[in-house]
Amino acid sequence: MASIFTYDHDPPRVNSPWQSGEDSGKRPQAERSATTGAIVESEQLSYSHLERLAPEPQDGPIEYKLHLLLRPRRTYSKMSYTLRVSGSQQSKPMRGANQPRQAAVPLASSNQSRQNRLHHLTTQLLWRLQQSSPHHSTSSRDLVIPKLPENIADLAALEKPGKLLPGLEESSGSLYEIGVADNGTLVGLTKDEMDESMTTLKVMAASLGCKVEVQRMLFVGSCEWTEGTSRSDDEVRVENLWVAEALIMPVLNVQSSEDGQQKSQRDSAPRRNASITDQLRISLIGPTTSGKTTLLGTLSNGTLDNGRGSSRINLLRHRHEVASGRTSSIAQELIGYDARKIFNYNIDNINEWPDIHDRVMSEDGRLVFLLDSAGHPRYQRTTLRALIGWAPHWTLLCIPANEDGPPISGTHSLSGADGAMGVGLTSLDTALAHLDLCLKLSIPLSILITKSELGQRASLRDKLNIVLTKIKAAGRLPKLLASKACDEEGLVEVPEKDLEQVKRDIINPISESGNPLSVIPIILTSAVKGIGIGLTHALLRSLPVPPPPTARDFVPLALNPEQPDALFHIDEVFEMSLSRAQTAATSATNESAPVITGYLRFGRLSIGDRVVLGPFPGDDEDAGALVPKDHPSPGYGLSIPHPSSAEFARLSSRHPLPASKIEGEWLQATIVNIRDLRLPVQTIEAGQAGSIQVVFDELSEASNTSDTLEKATLPTPRIRKGQVLAVPSQHMVDTGLSLQATSSLTASFKSSDVKSLTVNSLINAYVGMVRAPVRVLRVTRQKSDLDSRKTLTEDNDDVFGMNEHIELERTKSEADLDEYHAEYHVLLELLNSREWIELGSQIVLVEGGSKDKTGFEGYVGKVIEIGE
């Protein structure tokens, strides 16, 4: 399955059938004014080759309607169709419809039937508008149909466009051919019928936040009917018949607000068009043979695996993943919960993520966003991206039960490695490396023992003993859970007994301690037998969701006063075509605009907000040269996780100047589209993941040609992973300050292992979505509290002259305790480009690929100082 953030780059186009429709009977038609009936000379021969339009397409943004009346249509005694002959204005009757004379049909029906017809017509228009949107949603949950007045003339008051329905921001519009039969026959309407139909269409469009533009009005014939209640009072009426083409377009309000107005909007209550359902972001990690993707497929599809990976096939994004069985990229899935109900692809009428959003609407509901990562050490940077870059609320570590190979030494068994990273490692080696890193990162963790139906009891007991020992050594409490439900009971609904067990053994202890790190649940699962699936659903349904993040979570205001109002971390970048409405609203010169994906660290972003993106390299730097040149991996053409030492040396020689010499640049842009986990919304809230489409302000540079100052338009800048989208604070706007990118930083580490780093060595740094090679400039040991107390004690002793000739030796235990409490500060210099790094954020240093390491051994610290 492709990423949830990808788009259809070629959605259905809104092409008029008048430009392409042809029939064997090619005859001319006259175009007349709808008000005077006179032939429009400039276009009277424009459609002379058309006798009828092509039949109405079943899919797409084009709709044929005989009429849009909210009343029964009158009965006509005769209808003739006049087709012009090329070069002449002679007309002739083509067909008569002689009908028996009937009493006049009332022009109005009950108000309830009119309301029902308007609802039907509006939902039909919504569907046609969605057809010109890439990856459109079929949801109409936010549709509000206006209440019709008793008097038809009062409908004009409802023609003003309201708030745009979420999901239509990227629609290219819809064409309505009014007075045309489904087979393309030009039937036509009288002037009063056409006026009423247009009014109805404008009311329908206004309720969706759209406007109507009449593209053409054509005279196609005439009709006769009689009016009167008795034969003596009958009056024969003759009128022209018209067909019309109308373009319905979304009305976008993406104009930038005045300075100072955006902050007040972000500080207000959540807007109506934002997802208010709790979202839990979870990363799945584990060895490549642990069955992560298979388990995720069973959870999201509601079907058991056949033992050969049938449930994971829809989650794989690349052909080589299907061939090799190894996941090399991050795949995402969404599961909804409401009370005990599970909403996944096993439920009828759930085909896309917006369908899951629609089902989970209650206050008790929640959405669980799961990120499946790669397991092989070759793709370690993909794993670290899911574990560090996406800042998961919880992590699920999968350990297979069927593979032996406990570590021989105290760390990991790496004997027999043949030179490639990850070769010679057992699954348990990699799993323990994942566990060590999760414990260092202080991420709320749960462990899933997969493939439990294949595990041997003795081997499984040994693995659990090793895992439990590591967890207890970190000061955390492991809790083994056993399911009491039937194997397949948890595929559709969360078993009540499992919910009670999770609440009693996991949720209550976490609530009492107030620390989600205090307990680590352990569950035995099987995607083939269904063992533990219901218990896993109960865990996902019950895990606590952290409060919305704020800009002051890492450091207080006094230490970092220049925080932006909103910050969005960029993970991936796509290009998507702009709709006609977006192009018109933003005055964009390009037909497409970038779509960035990631998560909102804090703040609030809405369509129409003015934002800044960056940092971008200076004009004298090649943006493509700022990325390390990775070696291709054997077999698949992918890149290894980290450059080797030789590659680092070449990188340093290519860029002898540090990043501080590169001028960072922040570019202005406007948000034109937002999707919250594929749900079209107007606003995205703090902590939510989604995608945002932006249009850059027109970039130009002055050039002096022939003594004339001209402006040359610059190409759209290249957005890269690790950059940020931000809304500057009001203080920054008032003072003219911009966000400060950094070329160096200082990080604090509590572990003494970091002292093994050597000055001028090159290493990889992970902080937020940023992955960058850095140079170690300095490693210093800070004085601990024990050192301070010891110095004070010695000074007091010296006052009394007690230790002048006595040499005291510190015991080994005292030295170990002192080293345990030691703090190390490491000064790092970015080699490639300036980055925006948040003060107080977590940083992980990982050395390059090596034969004797899994690649997940890292030093975890905190950023305490930002350089210029």
Check for a donor-acceptor pair, side chain of [X] on one end and backbone N or O of [Y] on the other, with a separation under 3.5 Å.
X	Y	answer
H357	T277	no
E333	S300	no
Q693	M576	yes
Q332	L371	no
R281	G687	yes
R675	G690	no
S174	P61	yes

- Please name the pair of heavy atoms, one in D676 and one in A689, separated by the smallest distance, quoted to 0.1 Å.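 Heavy atoms of D676 and A689 come nearest at OD1-O, 3.1 Å.
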Side-chain ion pair, [X] and [Y], N-O less than 4.0 Å:
X	Y	value
R359	D355	no
K191	E239	no
R610	D697	yes
E177	R52	no

A side-chain contact here means heavy atoms from C-beta on lying under 4.5 Å apart; do [X] and [Y] qualify?
X	Y	answer
H67	V187	no
K65	L201	no
I356	L677	no
F568	V611	no
F343	K341	yes

- Query: Going by the angle between their ring planes, with limits at 30° and 60°, are Y599 and H569 parallel, tilted or perpendicular?
  - Reply: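 Ring orientation of Y599 relative to H569: tilted.
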- Task: Starting at CG of L600, measure out to CD of Q688 and round the result to the nearest 0.5 Å.
- Result: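 The CD atom of Q688 is 8.0 Å from CG of L600, to the nearest 0.5 Å.
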- Separation between CG of L613 and CG of L667, rounded to the nearest 0.5 Å: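 L613 atom CG to L667 atom CG measures 7.5 Å (nearest 0.5 Å).
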- Take S691 and T597, measure what side chain to side chain donor-acceptor pair (under 3.5 Å) needs, and give me the verdict at the end. CA-CA 4 Å; S691 54; T597 71; over 6 Å; no
